[in-house]
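Reviewing the structure listed below.
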Amino acid sequence: MSLVLRPWVFLLFHVLLSYESNFQRRNGVEATKRVFLYPQSPKVSSIVSNKYRTAYHFQPPQNWINDPNGMYLSQTTNFQIYNVEVAKDVSPNFSGPMYYNGIYHQFYQYNPNGAIWGDIVWGHSVSRDLINWIRLEPAIERTTPSDINGCWTGSATILNGDKPAIIYTGADPDKRQVQNIVFPKNLSDPYLREWIKSDKNPLIEPVGPGLNSSQFRDPTTGWIGPDGLWRIAIGAELNGYSAALLYKSEDFVNWTRVDHPLYSSNASTMWECPDFFAVLPGKNSGLDMSAAIPSGAKHVLKMSLDNCDKYMIGVYDLKSDTFVPDTVLDDRRLWSKIDYGNYYASKSFFDSKKGRRIIWGWTNETDSTSDDVAKGWAGIHAIPRSIWLDSNSKQLLQWPVEEIESLRRNEVSHQDMELKNGDLFEIKDIDTSQADVEIDFELSAIDTADPFEPAWLLDTEKRCREADATVASSVGPFGLVVLVSNNMEEHTTLHFRVYKSQQKYMILMCSDLRRSSLRPGLYTPAYGGFFEFDLEKENKISLRTLIDRSAVESFGGGGRVCIIARVYPAALIDGGTRMYVFNNGTSSVKIPQLKAWSMRRAQVNVKKG
Ligand SMILES: *[C@@H]1O[C@H](CO)[C@@H](O)[C@H](O)[C@H]1NC(C)=O
Ligand SMILES: *[C@@H]1O[C@H](CO)[C@@H](O)[C@H](O)[C@H]1NC(C)=O
Ligand SMILES: *[C@@H]1O[C@H](CO)[C@@H](O)[C@H](O)[C@H]1NC(C)=O
Ligand SMILES: *[C@@H]1O[C@H](CO)[C@@H](O)[C@H](O)[C@H]1NC(C)=O
Ligand SMILES: *[C@@H]1O[C@H](CO)[C@@H](O)[C@H](O)[C@H]1NC(C)=O
Ligand SMILES: *[C@@H]1O[C@H](CO)[C@@H](O)[C@H](O)[C@H]1NC(C)=O
Ligand SMILES: *[C@@H]1O[C@H](CO)[C@@H](O)[C@H](O)[C@H]1NC(C)=O
């Protein structure tokens with residue numbers, strides 16, 4: 001859970017309530033009409049426009065969401081029931097591939113009463129394809145002493161083949177964080193609509209020396225160890241440092257804390273939303289943590305801190321029951337990130353249907369809180385991504401789930417282009433505000449690349465600000481400019497730059513939002529991340545970018561650096577947007593292949609009709 005417990009939020013909420021109900025009345029008429037909120041910049045129309053709402057990212061019809069919570073694929077033996085129910089229960093427009101053996105469930109932190117954090121319940125949606133979603137009633141609400149002050153993030157685990165259970169964090173009457181369990185009321189209900197709280201709650205209390213009772217949350221999915229016992233890890237502050245505390249149980253209800261954490265670090269004071277999973281190097285298939293883990297597998301510990309999701313790769317030492325990272329970096333600025341942009345509180349699950357591991361994260365708005373209240377909605381989830389380990393065992397790779405490709409239409413394709421210094425090529429004939437773009441950049445004369453400086457790794461955003469798209473070097477910057485206004489005043493730039501390191505090359509990928517919008521009061525950083533590039537093995541750098549109105553989600557180098565960003569260009573409302581590939585480096589760049597598509601709108605939590 002991302003605990004946004006800042007008192008000003010509550011204050012602001014009450015101050016804004018009257019404004020909000022005003023807005024809702026207006027909204028009843030038409031939200032996209034031009035309302036000028038900024039007298040100081042009369043050119044910029046109101047942010048209250050449906051054109052900023054994403055068309056195929058996950059979000060509820062209105063209000064606030066944050067963390068994705070337990071996710072799983074239900075594995076009923078009675079597949080028929082599922083399909084009959086889905087077929088007759090959903091809107092006729094519910095489209096996408098049909099599956100015969102299961103439904104994806106997605107739970108999420110949701111405020112039913114407004115577009116800011118507060119009053120959190122567990123929202124619940126179901127899908128057959130991870131793209132089109134049906135919204136159900138909340139699965140968990142604050143109703144018992146052990147969650148009366150909060151029902152926060154947790155995870156689902158499938159017990160004994162097909163019986164799901166969810167362990168989540170509650171806040172008790174003393175505002176201590178405790179762990180609770182719920183089970184489905186009726187396993188024959190294909191949607192698992194209702195969840196029953198155990199009378200054994202709270203299962204786990206924040207007791208023991210050094211444990212901070214207000215920093216004890218976000219249990220992981222359970223896994224079974226070689227002794228046949230279940231395990232979960234919980235994010236905590238222990239003696240002032242960060243820990244993923246380890247608990248064991250025979251029956252998933254009676255839990256005992258193991259005398260050492262799964263892993264801890266004094267590089268920070270608290271980890272939220274730990275995630276622990278097994279991966280095989282070079283195999284883009286996932287592993288089930290509770291099945292036999294093949295030899296050669298590695299383990300990943302992911303944790304949320306510093307506004308982003310970081311991870312370590314290592315091994316799970318079964319004898320000591322601890323996670324042992326391959327490399328320990330004392331400076332947490334150097335830890336690898338799942339995403340170098342706006343992405344937090346992610347959670348992964350093993351998709352037994354397709355044998356892959358899928359990860360999802362939360363992406364917040366980067367306008368102001370009052371803008372969010374005016375819009376009536378805040379927060380999206382990134383596109384679900386397959387996640388696996390690179391064959392070098394050094395980094396995770398991610399790629400949008402293949403199902404998203406079913407939304408593509410109007411393919412535009414260009415081959416064998418060459419971009420010289422200063423060239424700009426417009427990609428036309430698609431909806432540039434709702435698109436999927438895949439480009440390969442082929443490098444020549446790479447040996448002239450500028451030297452790499454390891455100190456840049458400490459602050460990649462600074463490097464992207466300094467070496468921006470207008471600053472020529474030998475190899476790069478080259479890339480894609482999206483959501484460009486007619487006069488180029490507004491634009492969001494995705495670009496690469498190649499540096500020569502000792503035996504290898506280092507690629508800097510940036511997502512520069514600093515000129516993304518003329519609106520005042522937005523958070524517009526230049527996000528960036530580095531990845532290694534092996535010229536012997538590859539001579540192309542790929543870029544995939546999903547543009548979804550106010551979301552720009554990019555995958556560089558085959559998913560080695562991922563960056564999701566939120567942007568609110570005025571041009572999306574006034575005048576429309578364009579898209580270009582460009583090269584501002586002194587050496588030319590070849591584009592053997594460029595493909596772009598418009599993306600259809602997905603049916604995301606629309607009301608049944
Ligand atoms: C749903 O599909 C019907 C028939 O194809 C169409 O007329 C209608 O506009 C669609 N509604 C939405 C909300 O897309
Ligand atoms: C459980 O769900 C099934 C399928 O929806 C339904 O037929 C049955 O009546 C439900 N049982 C109870 C006790 O609600
Ligand atoms: C526990 O965590 C809270 C929230 O960060 C902090 O304010 C408090 O000082 C911590 N308590 C101790 C004993 O460290
Ligand atoms: C819970 O598990 C512990 C450790 O296995 C055991 O000692 C204890 O008796 C169990 N408690 C209950 C109520 O079953
Ligand atoms: C932090 O942890 C490292 C490794 O466990 C240890 O070497 C170091 O002394 C610790 N630093 C502090 C300030 O406790
Ligand atoms: C949203 O994200 C930005 C950047 O990650 C951060 O500065 C801001 O505090 C976040 N807002 C909330 C409400 O968490
Ligand atoms: C390329 O560089 C020129 C000259 O500095 C600049 O005007 C232009 O905006 C740059 N292109 C992009 C996409 O930033």
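Note that ligands are numbered from 1 as they come in the structure, with each ligand's atoms numbered from 1 the same way.
- The aromatic ring centroids of Trp64 and Trp362 lie less than 6.0 Å from each other.
- Of the polar atoms of Thr493, none of the N or O atoms is found under 3.5 Å from an N or O of ligand 7, judged by distance alone.
- Around the NZ atom of Lys540, the shell of radius 6.0 Å holds no more than 12 heavy atoms that belong to other residues, nucleotides or ligands.
- Counting atoms of ligand 7 from 1 in the listed order, those under 4.0 Å from a heavy atom of Val481 are 13 (C).
- Listed by chain and number, the residues in a side chain to side chain donor-acceptor pair (under 3.5 Å) with Tyr499 are Arg463 (sequence neighbours excluded).
- Between Lys197 and Asp147, at least one side-chain N (NZ, or NE/NH1/NH2) sits under 4.0 Å from a carboxylate O, which counts as a salt bridge.
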Check: every ligand 3 N/O to protein N/O pair under 3.5 Å:
| residue | atom | partner | partner atom | Å |
| --- | --- | --- | --- | --- |
| ligand 3 | 2 (O) | Asn212 | OD1 | 3.4 |
| ligand 3 | 2 (O) | Asn212 | ND2 | 2.3 |
| ligand 3 | 2 (O) | Ser214 | OG | 3.4 |
| ligand 3 | 5 (O) | Gln215 | NE2 | 2.9 |
| ligand 3 | 11 (N) | Asn212 | ND2 | 2.9 |

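- Using a 3.5 Å distance cut-off with no hydrogens or angles, the side chains of Ser413 and Glu411 do not pair a donor with an acceptor.
- Aromatic ring centroids of Tyr527 and Tyr340 lie 6.0 Å or more apart.
- The distance from ligand 4 to the heavy atoms of Asn254 drops below 4.0 Å at these ligand atoms: 1 (C), 2 (O), 3 (C), 8 (C), 10 (C), 11 (N), 12 (C), 14 (O).
- Inter-residue side-chain proximity for Leu546 and Met599 is flagged as met; some heavy-atom pair is nearer than 4.5 Å.
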